[in-house]
Amino acid sequence: VPSLNALVEAGLDVVAVYAQPPRPAGRGKAERKTAGHERAEELGIEVRTPRTLREEEVQARFRALDADLAVVAAYGLILPKPILDAPRGGCINVHASLLPRWRGAAPIQRAILAGDETSGVTIMRMDEGLDTGPMLLRHAIDIRGKTAAQVTEELAELGARTLVEWLDHPTPPEDQPIAGATYAA
């Protein structure tokens with residue numbers, strides 16, 4: 001949500017938001033939309049919720065958006081090559097770790113469990129691997145003594161600011177070093 005808000009506040013034309021489909025949640029197991037889905041609707045932005053991005057029809061609809069760039073933040077699915085290649089500028093990810101440390105699904109929790117003193121966000125160009133693409137911009141924060149919820153909130157806000165900073169002043173991609181790469185299962 002902070003990244004979506006930052007893009008809109010920066011005056012960028014967000015042509016669509018892709019979100020995970022609504023899922024049963026809570027005691028009544030009523031279907032619940034993601035926070036990004038709800039915020040996009042509030043902003044009047046089209047929301048799409050395909051169960052997979054691997055179907056040709058879904059990929060064709062994504063290509064038809066004719067986007068300059070796709071921004072991914074906490075989406076939860078690996079993007080197949082036809083999706084990665086569709087936007088003219090490719091796909092970038094707002095990732096909640098200082099890559100190459102803590103690639104994968106739970107970087108905040110793994111950083112805390114490992115006793116890391118710092119974490120941060122990395123804006124990265126996506127490739128077919130799991131958080132293996134080149135880094136574009138990174139910013140760090142101190143996470144000592146903080147809960148996962150506190151770190152998540154701080155990194156979401158930092159990620160949004162870092163995303164807009166990179167969009168305003170793009171930096172060249174830097175390959176991730178192999179040394180220090182870890183996975184956050």
Side-chain angles (χ1 to χ4, degrees), residues 1-15 17-18 36 53 59 62-63 65-144 146 148 150-185:
V1 172
S3 291
L4 175 58
N5 287 337
L7 292 171
V8 170
E9 289 166 12
L12 297 166
D13 181 22
V14 179
V15 296
V17 167
Y18 277 69
L53 298 172
Q59 294 170 0
F62 185 76
R63 265 191 315 278
L65 291 169
D66 196 30
D68 292 321
L69 185 71
V71 175
V72 178
Y75 184 52
L77 291 178
I78 295 189
L79 306 185
K81 188 158 177 46
I83 296 289
L84 293 171
D85 292 344
R88 281 181 286 287
C91 299
I92 61 171
N93 184 327
V94 181
H95 184 74
S97 82
L98 295 173
L99 291 171
R101 186 154 175 83
W102 303 127
R103 296 172 176 166
I108 294 168
Q109 293 80 358
R110 293 293 179 217
I112 291 170
L113 286 169
D116 293 358
E117 293 184 357
T118 59
S119 187
V121 295
T122 303
I123 306 300
M124 59 165 287
R125 184 158 309 284
M126 297 176 74
D127 63 14
E128 292 182 81
L130 181 61
D131 300 326
T132 56
M135 302 176 297
L136 302 169
L137 187 61
R138 301 176 347 145
H139 286 307
I141 62 167
D142 187 324
I143 64 169
R144 289 176 287 193
K146 295 178 184 172
Q150 291 168 322
V151 174
T152 298
E153 187 174 325
E154 283 185 46
L155 290 182
E157 294 297 333
L158 178 62
R161 290 191 308 272
T162 305
L163 170 63
V164 172
E165 178 183 343
W166 183 80
L167 289 168
D168 286 344
H169 306 286
T171 53
E174 174 187 334
D175 287 339
Q176 289 188 44
I178 294 171
T182 56
Y183 285 91

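When reading the values below, keep in mind they use all heavy atoms of this one structure, side chains included, and skip hydrogens, waters and symmetry mates.
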Would you check if L79 and F62 make a side-chain contact, meaning some heavy-atom pair closer than 4.5 Å?
-> no

Any donor and acceptor pair, going by atom type alone, linking the side chain of Q176 with main-chain N or O of D131 inside 3.5 Å?
-> yes

Side chain T118, main chain A140, donor-acceptor under 3.5 Å = no

side-chain contact (heavy atoms from CB on, under 4.5 Å) with P80: which residues, sequence neighbours excluded?
-> L53, R54, Q59, P82, I83

Of all residues at least two apart in sequence or in a different chain, which pass the side-chain contact (heavy atoms from CB on, under 4.5 Å) check with A105?
-> none

Is a side-chain N or O of T171 found less than 3.5 angstrom from the main chain of L136, in a donor-acceptor match?
-> yes

Distance-minimising heavy-atom pair for A111 and W102 | CA-NE1, 3.5 Å

Residue pair K146 / Q150: nearest heavy atoms and the distance that separates them = CA-OE1, 3.2 Å

Residues in side-chain hydrogen bond (donor to acceptor under 3.5 Å, both in side chains) with E165, at least two apart?
-> H139

Could you tell me which residues satisfy side-chain hydrogen bond (donor to acceptor under 3.5 Å, both in side chains) with S97, sequence neighbours excluded, listed by chain and number?
-> H95

Y75: what forms a side-chain hydrogen bond (donor to acceptor under 3.5 Å, both in side chains) with it, not counting sequence neighbours?
-> none

Which residue pairs pass the salt bridge (charged side-chain N to carboxylate O under 4.0 Å, His left out) test with at least one member in residues 97-122, sequence neighbours excluded?
-> R101-D116, E117-R144

Mind listing the closest non-hydrogen atom pair of M135 and P177 along with its distance?
-> CE-CD, 4.1 Å

Which pairs would a plain distance check flag for residues 156-163, meaning a side-chain donor or acceptor within less than 3.5 Å of a matching protein atom at least two apart in sequence or in another chain?
{"residue": "T162", "atom": "OG1", "partner": "L158", "partner atom": "O", "Å": "2.7"}

Residues forming a side-chain contact (heavy atoms from CB on, under 4.5 Å) with A74, sequence neighbours excluded | none

Sorted by chain and number, sequence neighbours left out, side-chain hydrogen bond (donor to acceptor under 3.5 Å, both in side chains) with Q109 holds for none

Locate the shortest heavy-atom distance separating P134 from P173; write the atom from each residue and the value.
-> CB-CB, 3.6 Å

Full working for side-chain contact (heavy atoms from CB on, under 4.5 Å) between L155 and I143 | CA-CA 10 Å; L155 290 182; I143 64 169; 5.8 Å; no

Near E153 CD, under 6.0 Å, is it more than 12 heavy atoms from other residues, nucleotides or ligands?
-> no

Using a 4.5 Å cut-off on heavy atoms from C-beta on, say whether the side chain of L12 contacts that of V164.
-> no

Pairing residues for E128 by the side-chain contact (heavy atoms from CB on, under 4.5 Å) criterion, not counting sequence neighbours | K81, L84

Tightest non-hydrogen contact, residues E154 and I141, listed as OE1-CD1, 3.6 Å

Residues two or more places apart in sequence or in another chain: which of them pass salt bridge (charged side-chain N to carboxylate O under 4.0 Å, His left out) with D13?
-> none

Could you go through the side-chain contact (heavy atoms from CB on, under 4.5 Å) check for I123 and V94 one step at a time?
-> CA-CA 5 Å; I123 306 300; V94 181; 3.9 Å; yes

